[in-house]
Amino acid sequence: MQQTLTPHVYWAQRHEDIYLRVELIDAQNLDISVHDNVLQFRAQGHGARGHNDYEFSLPFLNAVKTEVLHRSTQRQVNITVRKQLSGWWDRLTLQEKKPLFLAPDFDRWMDESDAEMELREKEKKKNRLNMESRLSEDSYITLKKAFLFTYNLVQFLGFSWIFVNMTIRLFILGQDSLYDTFYTISDVMFFCQILASVEVLNAMFGVVKAAVVPAFIQVIGRNFILFIILGSLQEMHNKPVVFFVFYLWSAIEIFRYPFYMLGCIDTEWKTITWLRYTVWIPLYPLGVLAEVVAVVQSISVFDQSRLFSIPLPEALGSSASFSCVLYIYLPLMVIGEGDNGQHLYLNRSFLGIREDTGQRAISEAVFLPLHASSSPREVGVHGVDVLVEGSVLGVSCGGQFKLLGSV
C-alpha cells in the first residue's frame, strides 16, 4: 500500500500573488484547489521519499481568490494564487509556526521594498504600453476619419459638379439638354458610382461598422442601372430619362455626403441634417420612378439587339432575351427601394424632424463619426433604439437622442 507523504514546498510573494514551488518529479493526477482560503494539494510523483502519493494543505494568513494557476514540469509543480486584496503579508500561513515542509523560495524571494520597486516598474511598463496602445489607436482613428472625410469630400465634389452642370445646361439649353446628358455627364457619374464601391469594401474589411449586404445592394442597384441599362445600350444614351436619373441621384447625394463629412469631424450643422432627412421625401420616389422608366424603356431595345441574350438548350430555343431578367428585376428593385425608403422614413422619425419650423428638432442630439455607408440600420434593445446611419451613431431612449460612445 502506497504511503501518503508531504513534499517539500517553497514559497515567495508579491503584492498581488503567492508563488509556490512543489518539489515533485513527474507529477501526475494533480488535484489543486482553494476552499475557504485553504490550499489543498494532491498528486502522485517522485519526491523526497521516492514515488508515492503526496499531499498537503496550507491555510493562508489572509483571503485569497479561488482561482489557482499551476504548471507542472518534469522536476516540479509551480503554483500561483492571487491575493484577494493587494498587500504585503507578514507570513504565509494562518498559524504563526511554519509547517516543517514549507521553506522560502530564495530564487524568487524579495523583501517588501524590492517588491514595491518591482511593482512600480511593472506599473510604469503597463502605463507605457497603454499609452502606446492609445496613441496607436488614436492614430488609426485619425487616419480612418481622414480617409472617410476625403472619400465623402470627393463624392460630394463629384455629385455637386454633376448637379450644377446639369442645372446650368437646363437653364441655357432648355429641353435640348435632356437629350445629351449621357454624353456630357456620364464620365463623372461612372467615376462616382465606381468609387461608391469603396463603401462596400469598408464594411467588408471592418473599416466601418456597417452591414455588408445593405451597402452592397445599394451600390449594385445603381451600377446596374448605370452600366447595364444606360451604359451598354447606345439607343438609351439620348433618352430624357437619363437626365432625370442622373439629376435625381445627384440631388440626393449633394446633401448626404456633406452630412457624413461633418460627422467625420464630430460636427453637426442642423440645416444639413434637416436637408439630408427631408429632401429625399420627394426626390427618392421620383428617382425610383425614373429608374423603373429606364428599365421599361430598355426592354424593347434588349429584345431587338439581343444584347446579353441567355443561351438555351436547342429543345427550348436558341436564346432568351435579357428582358426576361429585367421582368424579374423590376419587382425586386421596387421592393428593395421601398424597403430602403422605409428605413429613411424611420430614421427621420427617429431623429424627431418636424415640418412646423422647417428645422430639425432633436433633443440634445449628438453625432459620432463611424463610417460612410449609405445604408441606415436601427437596433432596439429593451426600449433603447440605436441608429447607425452614414457617419453617425446615435442612441434614443424616451424621445431623447444622444451619443452612444466612442469608436
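These numbers were taken from a predicted model, which means no experiment stands behind them.
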- Enclosure of Leu129 CG (heavy-atom neighbours >12, cutoff 6.0 Å): yes

- Task: Evaluate the criterion side chain to side chain donor-acceptor pair (under 3.5 Å) for residue pair Thr80 and Asp17; output intermediate values, then yes/no.
- Result: CA-CA 7 Å; Thr80 302; Asp17 302 303; over 6 Å; no

- Query: Are Tyr329 and Phe224 close enough that their ring centers fall under 6.0 Å?
  - Reply: yes

- Item | Test item: Leu326 and Ile229 side chains (from C-beta on) under 4.5 Å apart, heavy atoms | yes

- Query: Hey, would you say the Tyr260 and Phe149 ring centroids sit under 6.0 Å apart?
  - Reply: no

- Would you find more than 12 non-hydrogen atoms of other residues, nucleotides or ligands less than 6.0 Å from Phe190 atom CZ? yes

- Item | Gln74 atom CD: more than 12 heavy-atom contacts under 6.0 Å | no

- Residue list, salt bridge (charged side-chain N to carboxylate O under 4.0 Å, His left out) with Arg14, at least two apart or on another chain: Glu118

- Ile265 and Met261, any side-chain heavy atoms less than 4.5 Å apart: no

- Step by step, work out the side chain to side chain donor-acceptor pair (under 3.5 Å) result for Tyr257 and Ser160. CA-CA 10 Å; Tyr257 284 112; Ser160 295; over 6 Å; no

- Report yes if the distance between the aromatic ring centroids of Phe322 and Phe308 is under 6.0 Å, otherwise no. yes

- Sequence-distant partners of Asp105, side-chain hydrogen bond (donor to acceptor under 3.5 Å, both in side chains), two or more places apart: Arg21

- Message: According to salt bridge (Lys or Arg N to Asp or Glu O under 4.0 Å), does anything in residues 163-180 pair up with another residue at least two apart or in another chain? List the pairs.
- Response: Arg169-Asp180

- Message: Tell me whether Arg276 forms a cation-pi arrangement with Phe255, defined as NZ or CZ under 6.0 Å from the six-membered ring centre and within 45 degrees of its axis.
- Response: no

- Tell me whether the centres of the aromatic rings in Phe259 and Tyr277 are closer together than 6.0 Å. yes

- Task: Can you measure from CG (Leu5) to CG (Leu24) and round to the nearest 0.5 angstrom?
- Result: 10.5 Å

- Applying salt bridge (charged side-chain N to carboxylate O under 4.0 Å, His left out), name anything that partners Arg42, two or more places apart in sequence or on another chain. Glu55

- What salt bridge (Lys or Arg N to Asp or Glu O under 4.0 Å) pairs are there with at least one residue in residues 210-223, not counting sequence neighbours? Arg222-Glu253

- Query: Hey, does the side chain of Asp26 reach the backbone of Gly45 with a donor-acceptor pair shorter than 3.5 angstrom?
  - Reply: no

- ring-ring contact (aromatic ring centres under 6.0 Å, His included) pairs touching residues 74-94, sequence neighbours excluded, are His15-Trp88

- Ser186 side-chain N/O to Tyr183 backbone N/O, donor-acceptor pair under 3.5 Å: no

